[in-house]
Structures are given as structure tokens and as C-alpha cells.
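Inspection log for the structure reproduced underneath, given as C-alpha cells.
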Protein chains: 4
Amino acid sequence: MKRKAELKRQQIIKAAYQAVSDKGYESVTLQDIADYADVSKGVPNYYFQNKEDVLAHLLAQITDRIYEKEKLAVERETTSANMLLAYLNTVFVGPKENEKFYRVYLDFLAQATKNKRYREINERFYQNCSSISKVILEQGKKEGAFRTIDNEEAGRTIRAMIDGYMIQWMMTGDHMQHSAYRAACYRSVLSYIQN
Amino acid sequence: MKRKAELKRQQIIKAAYQAVSDKGYESVTLQDIADYADVSKGVPNYYFQNKEDVLAHLLAQITDRIYEKEKLAVERETTSANMLLAYLNTVFVGPKENEKFYRVYLDFLAQATKNKRYREINERFYQNCSSISKVILEQGKKEGAFRTIDNEEAGRTIRAMIDGYMIQWMMTGDHMQHSAYRAACYRSVLSYIQN
Amino acid sequence: MKRKAELKRQQIIKAAYQAVSDKGYESVTLQDIADYADVSKGVPNYYFQNKEDVLAHLLAQITDRIYEKEKLAVERETTSANMLLAYLNTVFVGPKENEKFYRVYLDFLAQATKNKRYREINERFYQNCSSISKVILEQGKKEGAFRTIDNEEAGRTIRAMIDGYMIQWMMTGDHMQHSAYRAACYRSVLSYIQN
Amino acid sequence: MKRKAELKRQQIIKAAYQAVSDKGYESVTLQDIADYADVSKGVPNYYFQNKEDVLAHLLAQITDRIYEKEKLAVERETTSANMLLAYLNTVFVGPKENEKFYRVYLDFLAQATKNKRYREINERFYQNCSSISKVILEQGKKEGAFRTIDNEEAGRTIRAMIDGYMIQWMMTGDHMQHSAYRAACYRSVLSYIQN
DNA sequence: TATGAATGAGCCTTCATTCAT
DNA sequence: AATGAATGAAGGCTCATTCAT
């Protein structure tokens, strides 16, 4: 049955997520992934072409899931202020989740400089993030809360602030400072887009 | 003689820079580094404790050098506007240099999430970047060109924008767009710090 | 029902023949064989003890079939000259078939040096070939066309010439030269057995 | 020093010869070869590009050495009869050596059907064997001992007889019959080339 | 000071075989 | 009777590190 195979693939990707987060993109072995998934060594190779294939699916999945969550969170709000808050609260969801994701995401960004497939997956993520920003910005302009601004460029700037702040937070290695970085990022975005 | 040894270490670090930029942090081998340095295989191990030691010295050196250049460029200017321009022009020095540096730097950031030594080296880099931002911001406030703003936080925000924009540029894989990203980053920083 | 099982075994052996010819004795996998037979992966293991068992049956079958054909061809003729011609024309049946067979047969000969079962199967093939030669030689002697000669030894010599020439033809890798090698082999055999 | 490296390569090739003879071309592992050479696992890969490279050098070496020996043996004789005897005595040097060589050689012939590099090495061997036959045949014709015959074709026929007989002897698996097969091969060649 | 031969751990991958369904 | 998921052993290869020279 197809369904069962899909479940297995999910199980392996989930295990790979944890494994890469713990050990790093290049350090992680297929044995690690198999161990985390509680399956035997050959299984990841049975469900995926090779190691890179596992990891590419992992990248695609986590970026997609993050986008879905962010989109949902923003759609629930009506005012631009709440939308932005919801967006950043979803991005900065919590120290544990953020650490896990950004450990993996940073690894992928580093790899992406030499790997076209990863760049393409990331490109889609960027597009999705941009579409979220656009919704917020349009609403803000409609309300007169935000200054006139190019959606494209503002989307990039917001993305830059988020990634930049998140990296800086990661480099502190301190979970306690998570909320402070979230707040600072929020203030900075607001300063940037407000009139 | 100490001097000669130091020269050799420099030679190896320089070779490592090129090697890591070409092959990536995890893919690079000591053999690669030795080849780029035109020395025999045992030399890197002779002058450094091990592979990681070579790479840590590399990270420390390139971040230091970048800071020196940026500092110098900003010090040459007198107005906040020119200072900021000089800063960003030095950061976005050119597609070739930026690609080389950010390939390596991204690799290090990815590693740093699991390597304290790298985090510490990066922390010093952050401090240095912050000190540059501070000089510019103070001057801008003195001129009344910038709004009242927390230096610490603004420094982080500027750093975030720089890294964030640079990563996005890297992901395009397109050297031609370098100046467009530099300009966008400049506009964004300005929007953020101006009143 | 027994009959159905036998058909399935035939199907698998036939597929194995093509598979081994294409991929080589050691490179071929049970998955390959299953694919060529258009059955699922477990089937070869279901109808045969293991991989070697499949291949041993394959060797037995192809050598038997070749013998049958050669025997039939020779029996159709009445003069020793025609018999020999018929024999060699059947052996050198054509570049495509010969390549397919000798690829597999050479693999088996190579294996046979370490595998008794294969040696035994080949021994039977040798006996059969010898019996064909014997028929031709006896007829030739009766006609006074061939010199007095030990059937046993002449049979071996003819077999040696056939295999030897076929190997040399295989090593040319050139289908076009097939008929030249057949002619040369024929001339050589004739020179050897004629007075 | 270059000399030492060459000795090491010889040591590995020699070990590979024994290993392939014992285990077979495809079954043999680099670990086997390392073990036979009494070196560590990585050494064969240090001195050769990969496994195939080791084996190709092995094939080239053993065929070259055999040719040298045969050539030398034939050159020592003056009459065509003695030359032929010397040739075949050198070819059928003894059961132990012949078994070792033909186990490996048969493996290579089997591989050669799919491997161009092996075919080329074997082609050179064929050329060399042909040149030996030519010397003998010319001498025989000069003496009037052999019939008029095409050197090229006769060379192929002799090679075919040698390989064919040797294979048949190998298939007996019986060292005792070695001299009988040698004698039979000699008689057959003689019958073929004599008037 | 420098070399590069040698080591051996560890990785990815393949694949025969088993077995629950 | 047949499937194909799962296992795990084994192989080729890479490479950091060591060490005799």
C-alpha cells in the first residue's frame, strides 16, 4: 500500500531532522538517521535514492511546514499590527524549535552555495515568505499604518532581519535570550516599515 | 626562528581560505589545503594541532581582516552618510570577494551552532562590527540625521540586515545582482535608522 | 500443479540468461533477474534455493540446448564434409547469439575453476560435444577423407579450436569479423583432421 | 625514492595475483589483497587508483612476464621442432603455475567482454604470442618441416589450441593429467602445422 | 623542518536472503 | 503462490593523523 510507504518516509525524514539538528549536515550518517528512526541501516536507502535525497526532502518539508504555519497564523489576524505580531511570534516560536530548525537551516544554506537542488528548494521558501510579507504590508498600507514601500524589497528586508536576528541569537547559545531577540527583531521591523 | 614559522602558518591559512571556499568546510581535506599551499601533506598537521585548529585560525583571521578594512574605511569619512556608505561599500566589496568570504563564513556559522570555539571567534567579530556601527550611529545622531535609537540594538539590526541580504544574494547564485542587493541593503538600513 | 511451477522456472532461467549476458555473472543481481522476468523480487528465491542455484540451472540449460541444436544439425547431413560444415555453422551461429552465449559461458568457465557444480555441468557439455565430433570423425574415416586419428583426442582438439577461436573473436569486440573467424576455424579444423 | 614505491607496487600486484587466483576476480576484496601483501587496508588504494587499477596492472604484468619467458625459451633453440617443444613446454610449465595463471586469466577474459581496458591488455598479449608463433613457423618453413601456411592464421590457431586445451585441463580439476594435456596439445599443433 | 608512506576507522551503498502478509 | 519491506553483512573508498626518515 502506498500510504504505508509514505508514512515510513515521513518517519525517516523526521528522524533525519532530529539527527541533522544534533550532529550537523555533514557529520550525520545514514546510520544515525536509521538509529533515530529506529529502523535498520538499509531502510533510508530503501526509501530514498541516497543520503542527499533524504536531506533534500527534509529541507523541502521543513521549509514548507514553516511556511504553512506562518501563513495560517497571519491569516487569522485582521489588522496589520496583529498580523506582523503573529508572523514574528510564529517565526520566533520558541527557543527549542528555533534552535532545531536553524541548526538544520543554516547547514542547508551553507550547502546551498554549492548545491543547486538546495538553492531551488530555498528559493521556493523565499517566495513563500515574500508572499506572507506582502499580505501584511498591503494591509498596513491600506490602514495607513505603514509607509509607502516596495513590497518586494520590504519582503527581502524583513526576511533579512529575521534570518540575521535568528543567527545572532543562535550564536549566543543562550535560550534565555530568545524573547529578547524576538522583541528586538519586532521593533526593528516596525521601525523599518512604519512611517 | 619564530618569524619563519609564522609565515608558514599564514601560507597555510591563506591556502585553507581558498580551499574551503572552493570545496566547503566539510569537504575540504588537509590534502587540499596542503596542495593549495604548495606544501606536503604533513605540513598543516605540523604547524597546527589538527584540521579544526587550522580552520579556527582561518575563521579568526578572515573576520579580523574584514573588521580592519571596514574600520579603516569608516574612519576615513567624516559625515555619517559617507560613513554608512563607506561601511556598506566595504562590506559589499564585490561579488567575487563576497562569494568567497560568505561561502566560508556560512559554513562556519553552521558549524558554530555546535562548536563553542567558533562561536567565540564569531562573538568577537560581532563586537567589532558593533563598534563600527556605534561610531556611525553616534555621528549620525550628532548631525541630527538619525533618530534616537539604542546603539546596541541598532548595531544588531544593521548586522542582521547585512548578513540577511548577503545570504539572499548568495542564494541567487548570480554575480550580476550584487550591486542591486547592495543598494537595497543600503536603502533598508537608511530607512531603519533615519527618523 | 507441477507444470505451472516448471514454466515459472523456465521464465526465470530465460530472464537470467539475458541478465547475465548483459551484466555479467558477478554483477547480475536477483533484482535484475526478477526485472527481466517481470516478476517480483522474491520469486527467484521462491523457485530456486538461492542465486547460485538459478545460475547453475542456467548453465545446464544453455549447454544442453546448444548440444541439442548441434546434434540435430549434424544428424541432418550424410557426408563428413557437410557434417563438419553443419557443426561449425551451428556453433558459429551468428555474432549476436554467440556473443550472448560466450559472455555467459566464459563467466561460467571462470567460476568453474572454483565451483565443482559448474565443472560437473560443463563436463557433461564436453561429453556431448565429444560425441558429436565422434560421429563426424567416424564418417570421415569411413569415407577416407580424414586421417587415422584418435577420436577422443581429436574431439578435444576440435573443442579447443572452437573455444579458442571464439574467445579470440570475442576479444575483438567486432561483430563484423565473426564470419572471418568462423572460416578460419573451419580451415584449421580441416587442416588438422585431413590427411 | 621512486624505486621503493615501485617495489611496493610489485608487492601488491604479487599479492593480488595470489588473492585473485584463490578467490576469483569478483570475489577478491581489497582487504584480501592487503592481507596477502601483509599491509594495511589502505595501502592498495594508496598505490593504485582503485581496485580495477590494481587488477589491470596485474593482468598486464602476468601476460607480459609469460610472453618474456616464452620468447626467451624459443630464442634459445635453433630448430623449429625444438622451438615448438620449448614453446609448449614453457606454456605448459607445470600444473601449479598453470592453474594459478589460468584461474586469473580466465577471470580476466570473462571480464574483458565488458571491459575495454582488459581487452586492450589482452590484445597486446595476443600480438606477442603471435610474434612467437611467427618465428617458429618461419623457421619450420625454412627447414621444409611445415607446410605453407598463413602465419597470422596459424598463430591464431595455435593460440586457440593452447587456450582451448588449457581450459579443458582446468576443467578436469586434476593436476595429474597436466602432462597428458600438454602432450595432446603438442601433437595437435604438430598435426596442424606439419605437411 | 619537512616529507609522504602507512594506518585504520568510518562512511555510503549494494544486495542476497528472510518473512510477514 | 507471490510480494516487497526489512535486515545487516560486506565492500570500496576517503582521509585525518601518526611517525620514521
Side-chain angles (χ1 to χ4, degrees), chain A residues 1-2 4-5 7-9 12 26-34 37-54, chain B residues 1 4-5 7-8 12 26-34 37-55, chain C residues 1 4-5 7-8 12 26-34 37-55, chain D residues 1-2 4-5 7-9 12 23 26-34 37-55:
Chain A
M1 199 192 275
K2 280 270 173 108
K4 236 175 168 179
L7 280 174
K8 207 66 165 184
R9 287 167 69 94
I12 292 162
E26 289 274 7
S27 302
V28 87
T29 69
L30 284 173
Q31 181 71 72
D32 289 331
I33 295 171
D38 218 27
V39 294
S40 78
K41 195 188 176 189
V43 171
N45 268 301
Y46 185 79
Y47 284 96
F48 296 90
Q49 286 177 354
N50 50 36
K51 190 183 171 182
E52 189 195 306
D53 195 36
V54 179
Chain B
M1 196 194 280
K4 230 174 164 185
L7 279 173
K8 209 69 164 180
I12 293 161
E26 289 277 4
S27 300
V28 87
T29 69
L30 283 175
Q31 182 73 70
D32 289 331
I33 295 172
D38 222 24
V39 295
S40 77
K41 193 189 178 185
V43 171
N45 268 300
Y46 187 79
Y47 285 97
F48 296 90
Q49 286 174 5
N50 52 33
K51 191 181 172 184
E52 190 197 304
D53 194 35
V54 178
L55 296 172
Chain C
M1 197 194 279
K4 230 175 165 185
L7 280 174
K8 209 68 163 182
I12 293 162
E26 288 276 6
S27 300
V28 87
T29 69
L30 283 175
Q31 181 73 69
D32 288 332
I33 295 172
D38 222 24
V39 296
S40 77
K41 192 188 180 186
V43 172
N45 269 299
Y46 187 79
Y47 284 97
F48 296 89
Q49 286 174 5
N50 51 33
K51 189 182 173 183
E52 191 197 305
D53 194 35
V54 178
L55 296 171
Chain D
M1 199 192 278
K2 281 267 170 114
K4 238 176 168 176
L7 280 174
K8 207 67 167 183
R9 288 166 69 94
I12 292 161
K23 320 239 170 173
E26 289 274 8
S27 302
V28 86
T29 69
L30 284 173
Q31 181 72 71
D32 288 332
I33 295 172
D38 218 27
V39 294
S40 77
K41 195 191 175 188
V43 171
N45 270 302
Y46 184 78
Y47 285 97
F48 296 90
Q49 286 176 354
N50 50 36
K51 190 183 172 184
E52 189 195 306
D53 194 37
V54 179
L55 297 172

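Because only heavy atoms are used, hydrogens play no part in the values below, and waters and symmetry mates are left out as well, while side chains stay in. Just so it is clear: chains get the letters A, B, ... in the order the sequence lines come, proteins before strands, and each one is counted from 1.
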Distance in angstrom units between [X] [atom1] and [N] [atom2], rounded:
X: C:Gln49; N: E:dT18; atom1: CD; atom2: P; answer: 11 Å
X: B:Ile33; N: F:dT17; atom1: CD1; atom2: P; answer: 11 Å
X: D:Ile12; N: E:dA5; atom1: CD1; atom2: P; answer: 11 Å
X: D:Lys4; N: E:dA5; atom1: NZ; atom2: C1'; answer: 9 Å
X: A:Asp32; N: E:dG10; atom1: CG; atom2: C1'; answer: 11 Å
X: D:Tyr47; N: F:dC13; atom1: OH; atom2: C1'; answer: 18 Å
X: B:Leu30; N: E:dA5; atom1: CG; atom2: C1'; answer: 16 Å
X: C:Asp53; N: E:dT17; atom1: CG; atom2: P; answer: 10 Å

5'-most by nearest nucleotide on DNA chain F - C:Gly42 or B:Gln31: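 Closest to the 5' end, via its nearest nucleotide, is C:Gly42.
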Of A:Val39 and C:Val39, the one whose closest DNA chain F nucleotide lies more 5':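 With A:Val39 and C:Val39 compared, the 5'-side residue is C:Val39.
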Per [X] side chain, nearest of listed nucleotides [options]:
X: D:Lys8; options: E:dT17, E:dA6, F:dG11; answer: E:dA6
X: A:Lys51; options: E:dA16, E:dA6, E:dC12; answer: E:dC12
X: D:Thr29; options: F:dG11, E:dA6, E:dT3; answer: F:dG11

Earlier contact from the 5' end, DNA chain E, for C:Val28 and A:Asn45: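 Per heavy-atom nearest nucleotide, the more 5' residue is A:Asn45.
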Derivation of the side-chain contact (heavy atoms from CB on, under 4.5 Å) call for B:Val28 and B:Lys51: CA-CA 10 Å; B:Val28 87; B:Lys51 191 181 172 184; 4.1 Å; yes
Each stem that DNA chain F is part of, given as range with range (3 or more consecutive Watson-Crick or G-U pairs, under 3.5 Å):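 Expected stems, ordered by start: E:2-21 with F:2-21.
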A:Ile12 side, atom CD1; A:Tyr46 side, atom OH - distance, nearest 0.5 Å: 11.0 Å
NZ on D:Lys41 to CG on D:Leu30, rounded to 0.5 Å: 8.5 Å
Nearest heavy-atom neighbours spanning C:Val39 and C:Pro44: CG2-CD, 4.5 Å
Residue list, salt bridge (Lys or Arg N to Asp or Glu O under 4.0 Å) with C:Lys8, at least two apart or on another chain: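 None.
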Sole candidate of B:Ile33, B:Leu55, B:Asp53 that passes side-chain contact (heavy atoms from CB on, under 4.5 Å) when paired with B:Phe48: B:Asp53
Phosphate-side-chain proximity, C:Tyr46 and F:dA1, N/O vs OP1/OP2 below 4.0 Å: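 Answer yes for this pair, as a side-chain N or O of C:Tyr46 is under 4.0 Å from OP1 or OP2.
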Quiz item: A:Lys41 side-chain donor-acceptor pair to E:dT13 base, under 3.5 Å: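 Answer yes: a donor N or O sits under 3.5 Å from an acceptor.
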